[in-house]
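Report on one structure; see the data block that follows.
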Amino acid sequence: MWPASAAALAGLFASAFLAGSILPAQSEIVLAALLLAGEHQAWLLVLVATLGNVGGAVLNYGLGRSADRFRHRSWFPLSAAGWDRSAAWFNRWGVATLLLSWLPVVGDGFTVLAGAARTPFPLFLGLVTLAKAGRYLALAALL
């Protein structure tokens with residue numbers, strides 16, 4: 001029983017980490033399946049999913065901190081003008097956008113921009129954790 005339980009939690013963590021990063025992935029389905037299976041405490045599943053998802057956001061933050069060095073390369077996913085527009089938008093709305101970091105696709109961009117804007121890491125971590133835990137808590141409450 002323990003290996004299967006550990007594998008389920010590891011799978012949840014991995015799916016949440018990927019979903020929290022800039023890679024396209026969804027962790028809600030994995031969390032919902034584990035919640036519905038009823039083999040784990042809901043609080044444990046929410047905690048594991050939150051830790052994984054925040055870990056992916058921290059990776060994005062690190063990518064954003066080093067993006068300035070690479071943004072003029074041909075392989076960089078945004079043009080210089082696109083990067084400048086995104087940075088201006090983040091600077092206009094500020095760290096409050098991190099409360100929307102739970103949103104698919106755009107939320108990942110907010111975490112990258114926070115790194116590029118040199119948002120203080122403790123502030124980043126607190127806001128992102130609040131947002132991502134809130135999403136998983138809402139899902140758990142619905143199920």
Test of understanding: clusters of I, L, V, M, F, W, Y form through side-chain heavy atoms closer than 4.5 Å, transitively. Do Leu36 and Leu45 belong to the same one?
yes

What residues, two or more places apart in sequence or in another chain, satisfy side-chain contact (heavy atoms from CB on, under 4.5 Å) together with Leu127?
Val95, Leu98, Leu99, Leu123

Output the distance between atom CG (Leu47) and atom CG (Leu137), rounded to the nearest 0.5 Å.
10.0 Å

Output every pair passing salt bridge (charged side-chain N to carboxylate O under 4.0 Å, His left out) with a member in residues 124-143, not counting sequence neighbours, ordered by first then second residue.
Glu28-Arg135

Please give the remaining members of the hydrophobic cluster of Leu18, linking ILVMFWY side chains under 4.5 Å, ordered by chain and number.
Leu23

Contacts of Val30 that satisfy side-chain contact (heavy atoms from CB on, under 4.5 Å) - sequence neighbours left out:
Leu12, Ser15, Leu34

Would you say Ile22 and Phe110 are hydrophobically clustered, going by side-chain heavy atoms of ILVMFWY under 4.5 Å?
no

Sorted by chain and number, sequence neighbours left out, side-chain contact (heavy atoms from CB on, under 4.5 Å) with Pro24 holds for none

Show me, pair by pair, the donor-acceptor contacts under 3.5 angstrom made by side chains of residues 111-118, not counting sequence neighbours?
| residue | atom | partner | partner atom | Å |
| --- | --- | --- | --- | --- |
| Thr111 | OG1 | Asn60 | ND2 | 3.0 |
| Thr111 | OG1 | Asp108 | O | 2.7 |
| Arg118 | NH1 | Arg65 | O | 2.9 |
| Arg118 | NH2 | Arg65 | O | 3.4 |

Which residues satisfy the side-chain contact (heavy atoms from CB on, under 4.5 Å) test with Ala10, sequence neighbours excluded?
none

Please list all pairs meeting salt bridge (charged side-chain N to carboxylate O under 4.0 Å, His left out) that have one or both residues in residues 5-14, counting only residues at least two apart or in different chains.
none

Non-hydrogen atoms of Tyr136 and Ser27 that approach each other most closely
OH-OG, 2.5 Å

Mind checking the OG1-CG spacing from Thr129 to Leu51? Nearest 0.5 Å is all I need.
8.0 Å

Is there a path of hydrophobic side-chain contacts, each under 4.5 Å between heavy atoms of I/L/V/M/F/W/Y residues, joining Leu59 to Leu125?
no

For residues 53-62, which residue pairs qualify under salt bridge (charged side-chain N to carboxylate O under 4.0 Å, His left out), counting only residues two or more places apart or in two chains?
none

ring-ring contact (aromatic ring centres under 6.0 Å, His included) involving Tyr61 - partner list, sequence neighbours excluded:
Phe121, Phe124

I'd like to know if Trp43 and Val54 are part of one continuous hydrophobic network [Ile/Leu/Val/Met/Phe/Trp/Tyr, side-chain heavy atoms within less than 4.5 Å].
no

Quick check: do Val128 and Asn53 have side-chain heavy atoms less than 4.5 Å from each other?
no

For residues 87-101, pull every pair meeting side-chain hydrogen bond (donor to acceptor under 3.5 Å, both in side chains), keeping only residues two or more places apart or in separate chains.
none

According to the salt bridge (charged side-chain N to carboxylate O under 4.0 Å, His left out) rule, which pairs have a member within residues 74-87, sequence neighbours left out?
Arg71-Asp84

If you group Ile, Leu, Val, Met, Phe, Trp and Tyr by side-chain heavy-atom gaps below 4.5 Å, do Leu31 and Ile29 land in one group?
no

Stepwise side-chain contact (heavy atoms from CB on, under 4.5 Å) check, Ser5 with Glu39
CA-CA 8 Å; Ser5 179; Glu39 296 177 15; over 6 Å; no

